[in-house]
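Written out below as structure tokens is the structure these notes cover.
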Amino acid sequence: MTQKLYEIDAYLAEFNAIVTDCIQDGDKFKITLDKTAFFPEGGGQAADIGSLNDAKVFDVQEQNGVIYHYTDKPLETGSNISGKIDFDRRFNFMQNHTGEHIVSGLANRLFAVNNAGFHLSEELVTVDFDKELTREQLDEVEYLANKAVWANLPVNTYYPTDDELKNTDYRSKKEIDGAVRLVSIKDTDICACCAPHVKNTGEIGVIKLLDTERMRGGIRIVMKCGNFALQDYKNKHQNISQISAQLSAKQENAAEAVVLLNNKLTAEIGNTVALKRKIAELIADTTSAEQNCVFVDDCDIKDLQLIADKLHKNHSGIKAVFSGEGESYNFAICGEDGELQEFFKDFKSKLSVRGGGRGGMVQGSVIADKSQIKLFF
């Protein structure tokens, strides 16, 4: 059994221990210690990282009470070592995990929803609830969660006695074998949890619910707390500053400016479509009936389809329109369906062609130069 120093002091960043075993596992090593401040992966939270002497610790796992530190170098069994965790990363996790407890506890108390899943990654937290919540309900949870932060409530972690546990109404996502460790925040939450937490809610800084999506009859919440939330705000502030500058609008009016720009863009797209139709008509009207292969500049497939369709309607027969350069062209070919399919089959057999279609129109791309395409036609 490894003594879990992180349960005694979540703020312990450096410690000394004795190596009890070193097992080579492929190109890595599994180190066990008599005690450790490294939190192993568990409960939806990633493991701590850091170092043991000069060996890099990149993962930590627990099996049957033994904690394995995965390192890039071996350590001598029986030796005294110095361990150091990446505490900035640990504290980010502590802020966000404690913040999740507050949010889940309040949602449970207010709206009788249960936490059905939790994941804490390097940048954010996702929480799955077994029932849907409205945006207004989530706003209420967020506001009360931040009030709990402002109140700087103590966060108590402890192992209750059997009698205490029986008389305690606590949350747990699963049945727990063995001793149950509780995390308690006054009038907010009591939950079974194995992870490190901050001492007081004020250390969380801020709790922000960012996004939601429906999941299996419930809802998944994306949230960030503390430094994660600060970095998120910083990135979004930089984005909104750049957007407002580009639109010559105040930051608070950026959304309105984007709507106006989008409306203008929609109108311009409509004008462009109308102009392309006129161009298609002009090309078709100035192309002789004998021409069944036409090359045009800077047209996409939809433009080519418009021109090919107009040519076919004006002159009947198979009419093809190409756009591209060098040895790569896009095309659209229009004609009576049966005749067109036979023609297209022959076209594909003679040149490197990809594409298809039906209903009197085929489209695609061809790898060939202009002279080869003209020669085929």
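For reference, positions follow the sequence shown, starting with 1.
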Lys/Arg-Asp/Glu bridge criterion (N-O < 4.0 Å) met for [X], [Y]:
| X | Y | result |
| --- | --- | --- |
| Glu325 | Lys370 | no |
| Asp86 | Arg90 | no |
| Lys166 | Asp162 | no |
| Asp232 | Lys208 | no |
| Lys4 | Glu62 | yes |

Flag, side chain of [X] to backbone of [Y], donor-acceptor distance under 3.5 Å:
| X | Y | answer |
| --- | --- | --- |
| Asp128 | Gly117 | no |
| Asn53 | Ala55 | no |
| Thr286 | Leu282 | yes |
| Tyr11 | Lys199 | yes |

Next on the checklist: Could you go through Lys310 and Ile307, starting from their C-alpha distance and side-chain angles, then the distance that decides it, and tell me whether this counts as side chain to side chain contact (heavy atoms under 4.5 Å, CB included)?
Outcome noted: CA-CA 5 Å; Lys310 181 66 175 175; Ile307 299 170; 5.8 Å; no

Mind listing the closest non-hydrogen atom pair of [X] and [Y] along with its distance?
| X | Y | answer |
| --- | --- | --- |
| Phe322 | Val366 | CE2-CG1, 4.0 Å |
| His101 | Ile185 | CB-CD1, 4.5 Å |
| Thr2 | Leu33 | CG2-O, 3.4 Å |
| Arg109 | Thr188 | NE-O, 3.1 Å |
| Ala195 | Phe39 | CA-CE1, 3.6 Å |

Checklist entry - Does a side-chain heavy-atom distance below 4.5 Å link Phe111 with Val141? => result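 Yes, at least one pair of side-chain atoms sits under 4.5 Å.
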
Next on the checklist: I'd like to know whether Asn114 forms a side-chain hydrogen bond (donor to acceptor under 3.5 Å, both in side chains) with Asp130, so could you lay out the CA-CA distance, the side-chain angles of the two residues, the decisive distance to 0.1 Å, and finally the verdict.
Outcome noted: CA-CA 6 Å; Asn114 297 307; Asp130 61 356; 3.0 Å; yes

Next on the checklist: Apply side chain to side chain contact (heavy atoms under 4.5 Å, CB included) to residues Ile240 and Gln242 and explain how you reach the verdict.
Outcome noted: CA-CA 5 Å; Ile240 198 68; Gln242 292 174 16; over 6 Å; no

Checklist entry - Can you tell me if Thr32 and Asp21 form a side-chain donor-acceptor pair at under 3.5 Å? => result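 The answer is no; no qualifying pair exists.
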
Item to check | Residue pair Thr161 / Asp163, side-chain donor-acceptor N/O under 3.5 Å | outcome: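 Absent: no donor and acceptor within the cut-off.
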
Checklist entry - Which is it for Asp72 and Lys56 under the salt bridge (Lys or Arg N to Asp or Glu O under 4.0 Å) test, yes or no, and what are the steps along the way? => result CA-CA 6 Å; Asp72 61 347; Lys56 179 181 177 181; over 6 Å; no

Measure from the ring center of [X] to the ring center of [Y] and say whether it is less than 6.0 Å.
| X | Y | value |
| --- | --- | --- |
| Phe347 | Phe376 | yes |
| Tyr329 | Phe295 | yes |
| Phe38 | Tyr68 | no |
| Tyr233 | Phe228 | no |
| His97 | Phe118 | yes |

Next on the checklist: One pair to check against salt bridge (Lys or Arg N to Asp or Glu O under 4.0 Å): Asp189 and Arg171. What are the steps and the verdict?
Outcome noted: CA-CA 8 Å; Asp189 188 41; Arg171 294 188 305 109; 2.7 Å; yes

Item to check | Under the side-chain hydrogen bond (donor to acceptor under 3.5 Å, both in side chains) test, residues paired with Lys350 that sit two or more places apart | outcome: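 With neighbours one apart ignored, the set is Asp346.
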
Next on the checklist: For Asp298 and Ser323: C-alpha separation, side-chain torsions, deciding distance, then whether side chain to side chain contact (heavy atoms under 4.5 Å, CB included) applies.
Outcome noted: CA-CA 6 Å; Asp298 300 324; Ser323 182; 5.5 Å; no

Item to check | Greater than 12 external heavy atoms within 6.0 Å of Lys30's NZ | outcome: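 For Lys30, atom NZ is crowded (more than 12 foreign heavy atoms under 6.0 Å).
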
Item to check | Stepwise side chain to side chain contact (heavy atoms under 4.5 Å, CB included) check, Thr134 with Asp139 | outcome: CA-CA 9 Å; Thr134 65; Asp139 287 344; over 6 Å; no

